[in-house]
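Everything on this sheet refers to the single structure shown next.
Side chains included, hydrogens not; waters and symmetry mates left out as well; all remaining heavy atoms used. Naming convention: chains lettered A, B, ... in sequence-line order (proteins, then strands); numbering from 1 in each chain.
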2 protein chains.
Amino acid sequence: MYSIGQISKMFNLPVSTLRYYDREGLFHDMQRTSGIRRFSQKEVDTLRVIECLKRSGMEIKDIKTFLDWCEQGPSTYHKRLEMFQKRKRAVEEEIVRLNRTLDMINYKCWYYTRATEDGGEEKLAALSPEDMPDEIRAAYSSAFGPVE
Amino acid sequence: MYSIGQISKMFNLPVSTLRYYDREGLFHDMQRTSGIRRFSQKEVDTLRVIECLKRSGMEIKDIKTFLDWCEQGPSTYHKRLEMFQKRKRAVEEEIVRLNRTLDMINYKCWYYTRATEDGGEEKLAALSPEDMPDEIRAAYSSAFGPVE
DNA sequence: ATAAAACCTGAAGTTAACTTCAGGTCAAGC
DNA sequence: GCTTGACCTGAAGTTAACTTCAGGTTTTAT
């Protein structure tokens, strides 16, 4: 059994956030001793799932829906599986998007590195696509379209 | 030259969002003809950078700071390079986080797939760590800690 | 020439996920 | 016994990034 302060340190989440989650109904009938919240292993597990689903881009109200299903027992296994499969696709897509973003950023890093080096001023005009290394060119055009 | 409506379709962004970006000063002295915004190649390029930086997790006000540097010429190349290098690290870290999130999600998918198959009800109790395939076990423990 | 479509503005409204506040209770150490 | 730190509540405040609204102007198609 942990206090809210201990859980706050354990998960590196402000106490106010934990109380907010509780207010939103994310901790299904959590125990209390004279008004004070007692976090058990169940709430620790719940918080791990919350963190995972949040990082996957899910909103609190949808996380609550999922946690409600968990309270309803085995009859909701199928819904829960579908939900995680949907999250899996969402995260995979986000990783693809971020890799494309990284391509653009790498191009910009290459560009400004060139533009900055050897004194660095007034060199911009001299930068032409022929200077672009093949892997940067490939990444750039996958991100922005062809280098004309 | 494009109208705001054309750009809206081109970038799949609502007209209201483009006007909001303009209000926030993201399009440095954009041209107008009798009050109506005219988007040139410069604004198209700016929007590509905005989209990239937004996906990298940057806030509008910081994107504005960057775009202001762009208007200040070569003296800001170094700042701009540093900024993109910081973005690069942020995106790389986010990709790592998302891959860990994916490990947890894959574990959950495995778990609920098992729990759902062959009739599916009341099978949960029978699920033990020995049933866990090695790659799921490895992913799970890297995400949640060891399977006890 | 006129009506519809597309554009404009400033101001107010929205949403999610928290955080802060004011005022009060509980528990541990001295 | 008393102070201090950790806990509690409901309500209000915050922030980012938009969106909507009300009312007006410009462009375009017939």
Side-chain angles (χ1 to χ4, degrees), chain A residues 1-40 43-44 46-68 87 90 94 97 101, chain B residues 1-40 43-44 46-68 87 90 94 97 101:
Chain A
M1 286 298 200
Y2 308 95
S3 70
I4 199 168
Q6 288 173 311
I7 295 286
S8 166
K9 278 164 202 151
M10 193 181 298
F11 282 88
N12 203 25
L13 285 173
V15 165
S16 64
T17 301
L18 295 168
R19 288 205 267 249
Y20 163 69
Y21 288 169
D22 191 22
R23 224 175 18 254
E24 293 298 303
L26 264 43
F27 303 121
H28 185 79
D29 64 42
M30 169 193 272
Q31 291 205 23
R32 294 197 180 211
T33 54
S34 61
I36 289 172
R37 289 175 185 84
R38 292 296 157 201
F39 290 73
S40 68
E43 280 74 40
V44 171
T46 300
L47 268 169
R48 289 215 269 242
V49 173
I50 292 170
E51 293 278 87
C52 167
L53 293 178
K54 270 193 41 173
R55 265 179 268 118
S56 88
M58 208 162 156
E59 292 180 10
I60 298 292
K61 70 173 193 316
D62 297 321
I63 295 176
K64 178 175 165 39
T65 300
F66 167 75
L67 292 172
D68 288 347
R87 287 296 90 206
E94 179 62 10
R97 259 194 304 280
T101 301
Chain B
M1 285 300 202
Y2 309 95
S3 70
I4 199 168
Q6 288 174 310
I7 294 286
S8 166
K9 277 166 201 147
M10 194 181 298
F11 282 88
N12 202 26
L13 284 173
V15 165
S16 63
T17 300
L18 294 168
R19 288 206 267 249
Y20 163 70
Y21 288 169
D22 191 22
R23 226 176 14 255
E24 293 298 300
L26 264 43
F27 303 121
H28 186 81
D29 63 41
M30 170 192 269
Q31 292 203 23
R32 296 196 179 211
T33 55
S34 62
I36 289 172
R37 289 173 185 85
R38 292 296 159 202
F39 290 73
S40 69
E43 279 74 39
V44 171
T46 299
L47 268 169
R48 289 216 270 241
V49 173
I50 291 170
E51 293 276 89
C52 167
L53 293 179
K54 270 192 43 171
R55 265 180 269 117
S56 87
M58 209 161 154
E59 292 179 11
I60 298 293
K61 70 173 194 314
D62 296 322
I63 296 175
K64 179 177 166 35
T65 300
F66 168 75
L67 291 171
D68 288 347
R87 287 295 90 207
E94 180 62 11
R97 257 194 304 280
T101 301

Inset, instruction - Kindly state which residues belonging to residues 18-40 of chain B come within less than 4.0 angstrom of DNA chain D, counting heavy atoms of the residue only, listed by number. - result: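 Correct list: B/Y20, B/Y21, B/R23, B/S34, B/I36.
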Report the distance from atom [atom1] of [X] to atom [atom2] of [N], rounded to the nearest whole Å.
| X | N | atom1 | atom2 | value |
| --- | --- | --- | --- | --- |
| B/E59 | D/dC18 | CD | P | 11 Å |
| A/E51 | C/dC18 | CD | C1' | 14 Å |
| B/L13 | D/dT19 | CG | P | 9 Å |
| A/K9 | D/dG5 | NZ | P | 13 Å |
| A/Q6 | C/dA28 | CD | C1' | 14 Å |
| B/I4 | D/dT19 | CD1 | P | 12 Å |

Legend entry - Minimum side-chain heavy-atom gap A/M1-A/Q31 below 4.5 Å: yes
With rounding to the nearest 0.5 Å, note down the distance linking [atom1] in [X] to [atom2] in [Y].
| X | Y | atom1 | atom2 | result |
| --- | --- | --- | --- | --- |
| A/R55 | A/L53 | CZ | CG | 9.5 Å |
| B/L18 | B/L47 | CG | CG | 6.0 Å |
| A/K64 | A/E24 | NZ | CD | 8.5 Å |

Legend entry - Trace of the side-chain hydrogen bond (donor to acceptor under 3.5 Å, both in side chains) decision for B/E43 with B/T46: CA-CA 5 Å; B/E43 279 74 39; B/T46 299; 5.8 Å; no
Legend entry - Exceeds 12 heavy-atom contacts within 6.0 angstrom, atom OH of B/Y2: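 No - once you tally the heavy atoms of other residues, nucleotides and ligands closer than 6.0 Å, there are 12 at most.
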Legend entry - Closest nucleotide among D/dC18, D/dA16, C/dA16 to the A/K61 side chain: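 For the A/K61 side chain, the nearest candidate turns out to be C/dA16.
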Does [X] put a side-chain nitrogen or oxygen below 4.0 Å from OP1 or OP2 of [N]?
| X | N | result |
| --- | --- | --- |
| B/S16 | D/dT20 | no |
| A/S3 | D/dC7 | yes |
| B/K54 | D/dC18 | yes |

